[in-house]
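Just so we're on the same page: letters track the sequence lines, and every chain starts at 1. Since this is a predicted model, take the numbers as computed values, not measurements.
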Protein chains: 2
Amino acid sequence: MAGRAAVPEVIWARPERTGRGPKPAFTRADIAAAAVRIADAEGLDAVSMRHVAAELGCGTMSLYNYVPRKEDLYELMVDAVGAEHELFEPTGDWRADMLRNAEETRAIMYRHTWVPRLMSGLFGFSPNTLRYLEHCLACLEPLDVPAGTKTELIALLNGVVTTYAANDIATIERTRSMPWSEEEENAVRMAYLGSQVATGAYPRLAAAFMEQSGPVDLEAVFRRALERLLDAYDPGLR
Amino acid sequence: MAGRAAVPEVIWARPERTGRGPKPAFTRADIAAAAVRIADAEGLDAVSMRHVAAELGCGTMSLYNYVPRKEDLYELMVDAVGAEHELFEPTGDWRADMLRNAEETRAIMYRHTWVPRLMSGLFGFSPNTLRYLEHCLACLEPLDVPAGTKTELIALLNGVVTTYAANDIATIERTRSMPWSEEEENAVRMAYLGSQVATGAYPRLAAAFMEQSGPVDLEAVFRRALERLLDAYDPGLR
DNA sequence: CCTAGTTACGTACACCGTACGTAGTGCGCT
DNA sequence: AGCGCACTACGTACGGTGTACGTAACTAGG
């Protein structure tokens with residue numbers, strides 16, 4: 001009468017050890033770190049149970065003692081990089097603080113290009129996520145709006161950061177396993193875009209396409225978008 | 001001296017047929033429709049080359065005559081649902097028009113819950129995407145800002161729609177292959193969140209948690225976020 | 001002490017994407 | 001007219017995946 005749990009489970013609610021039996025050889029942090037190492041070096045698709053187990057030097061199935069499903073491994077990974085957020089002392093300038101938080105999130109995503117792909121699709125209430133949320137709320141203390149509005153602002157900011165980073169990073173991640181470079185891929189896609197625009201079927205798009213001179217400064221675009229968003233929540237500007 | 005193309009390729013740049021040899025048994029639209037049907041009914045993970053081929057009634061490897069890589073199949077799928085956008089005549093009220101566009105995008109994602117997962121990670125210049133982009137630019141004609149700012153706004157709106165829908169939809173998609181329901185999963189996760197908040201480690205989060213009475217109206221939150229975003233780009237409000 | 005709950009892990013299964021080889025088909029060129 | 005070649009179709013096979021299940025070793029609680 002064993003049977004696996006036919007009921008959902010949050011990995012964070014499961015204690016790391018239960019006291020009985022041999023001492024576990026690894027901690028959750030060990031496993032997360034190994035998976036992150038692999039994902040950073042070889043891409044998210046290289047993160048397989050076998051590969052992670054090999055990195056740790058244990059049998060594949062032993063991993064399942066720590067992580068009931070692979071998806072939980074993903075949750076460990078996201079939580080692990082969440083620890084890279086610097087939870088600085090709020091300065092009292094909520095705009096500056098939130099900008100700093102957003103820039104940091106963006107930096108983390110560029111350090112770990114697989115994060116955006118995992119972020120959408122995760123419920124995201126891991127310990128480090130909660131800590132970061134609390135930190136953001138602390139930064140927003142000076143902002144005089146209801147708490148609900150604050151969490152909405154945080155969600156919106158995070159969403160925008162993720163969106164921008166994901167779009168920018170997607171090509172990098174995709175070309176990782178391809179025999180051609182990111183630049184080649186972009187060139188081909190841009191060439192197609194150019195050919196389509198040249199048909200005249202998209203006049204306004206063509207105009208926008210022509211207007212821009214030189215490559216887009218994504219960093220600047222990103223910062224502008226953030227400023228706009230903060231404006232929209234700034235009571236001093238309405 | 002055959003060898004596969006060692007150079008990137010955009011599926012949309014490849015012609016549907018080349019004239020020589022037997023007539024293809026299917027069109028790209030057939031294949032996309034079959035894949036969409038499977039994804040809608042059984043989830044994105046059920047979309048395998050074998051499954052799609054079976055749905056079409058042909059051998060697995062025959063698919064590769066139409067679609068060089070599985071990722072291209074994904075692009076076909078995204079483009080196919082992109083056709084569901086109603087390209088209405090702009091009313092002159094750019095805010096209302098863009099709201100309508102966003103709501104429609106959201107509706108499409110709820111109809112095809114696998115779309116968000118594919119959206120992030122795709123470069124996204126398929127024919128229907130281009131058409132939709134052009135349509136948005138048409139809606140933004142009355143807005144007196146540079147074309148670059150308009151595309152930024154469109155990107156931002158789409159990003160936010162995707163993010164919000166993704167978060168909301170993730171649980172549905174995830175529980176599809178699980179032996180428990182979406183509600184059960186959500187309940188377990190909320191219980192964990194509550195237990196964490198109750199530890200007192202996250203006072204501000206706790207306050208925000210307590211403040212809300214009853215379940216969150218995601219639709220309303222979404223609409224508020226959109227309004228804020230539009231505010232951020234509305235010259236009349238600055 | 002003993003036993004129940006763990007950890008560890010080898011084996012096995014069903015499924016995946018897709019490289020490759022072969023056979024048949026019909027357009028384009030000479 | 002007829003040859004050749006580019007194309008479609010598709011069976012087989014390979015190396016990978018997540019993970020269910022069974023067995024052996026181990027240790028804390030009663």
TODO: Find which nucleotide of DNA chain D each of E16(B) and M49(A) is nearest to by heavy atoms, and output the residue with the more 5' nucleotide.
DONE: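 The residue whose closest nucleotide sits nearer the 5' end is E16(B).
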
Counting the atoms with a prime plus P, OP1 and OP2 as sugar-phosphate, which does [X] contact under 4.0 Å by heavy atoms, base, sugar-phosphate, or nothing?
X: Y66(B); answer: sugar-phosphate
X: A25(B); answer: sugar-phosphate
X: G21(A); answer: base

Task: Closest nucleotide among dT27(D), dG17(C), dT7(C) to the R20(A) side chain - done: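 The nucleotide sitting nearest to the side chain is dT27(D).
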
Just how far, in rounded Å, is [atom2] of [N] from [atom1] of [X]?
X: Y64(A); N: dG22(D); atom1: OH; atom2: P; value: 17 Å
X: Y74(A); N: dG18(D); atom1: OH; atom2: C1'; value: 10 Å
X: K23(B); N: dC27(C); atom1: NZ; atom2: P; value: 7 Å
X: D72(B); N: dG17(C); atom1: CG; atom2: P; value: 13 Å
X: N65(B); N: dT18(C); atom1: CG; atom2: P; value: 14 Å
X: M61(B); N: dT12(D); atom1: CE; atom2: C1'; value: 10 Å
X: L56(A); N: dT7(C); atom1: CG; atom2: C1'; value: 15 Å
X: L73(A); N: dT17(D); atom1: CG; atom2: P; value: 13 Å

Open item on the list: Looking at F125(B), I'd like to know if the NZ or CZ of R189(A) sits under 6.0 Å from its six-membered ring centre while staying within 45 degrees of the ring's axis.
Closed with: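 That pair does not qualify as a cation-pi contact.
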
Task: Axial cation check for F222(A) ring with R106(A), 6.0 Å and 45° limits - done: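 Yes, a cation-pi geometry.
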
Task: Stepwise salt bridge (Lys or Arg N to Asp or Glu O under 4.0 Å) test for R176(A) and E173(A) - done: CA-CA 5 Å; R176(A) 201 192 275 275; E173(A) 270 291 288; 3.0 Å; yes

TODO: Kindly say whether, by distance alone, the side chain of R69(A) makes a donor-acceptor pair under 3.5 Å with the base of dG18(D)?
DONE: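 No pair found.
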
Task: N or O in side chain of R50(B) less than 4.0 angstrom from dC15(C) OP1/OP2 - done: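 For dC15(C), neither OP1 nor OP2 has a side-chain N or O of R50(B) closer than 4.0 Å.
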
Task: Contact under 4.0 Å: S62(A) side-chain N or O vs dC9(C) OP1/OP2 - done: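 The answer is yes; a side-chain N or O of S62(A) sits under 4.0 Å from OP1 or OP2.
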
Task: Exam field: side chain D30(A) to backbone T27(A), donor-acceptor pair closer than 3.5 Å - done: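 Side chain of D30(A) to backbone of T27(A): a pair is present.
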
Open item on the list: Donor-acceptor check, side chain of D40(A) to backbone of H112(A), threshold 3.5 angstrom: yes or no?
Closed with: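 Checking the backbone N and O of H112(A) against the side chain of D40(A), no donor-acceptor pair under 3.5 Å is found.
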
- [ ] Please tell me which of V47(B) and T60(A) maps to the more 5' nucleotide of DNA chain C, matching each residue to the nucleotide holding its nearest heavy atom.
- [x]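 Whichever sits nearer the 5' end wins; that is T60(A).
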
- [ ] Tell me which of P22(A) and S48(B) sits closer to the 5' end of DNA chain C, going by the nucleotide each one is nearest to.
- [x]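 It is P22(A) whose nearest nucleotide is closer to the 5' end.
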
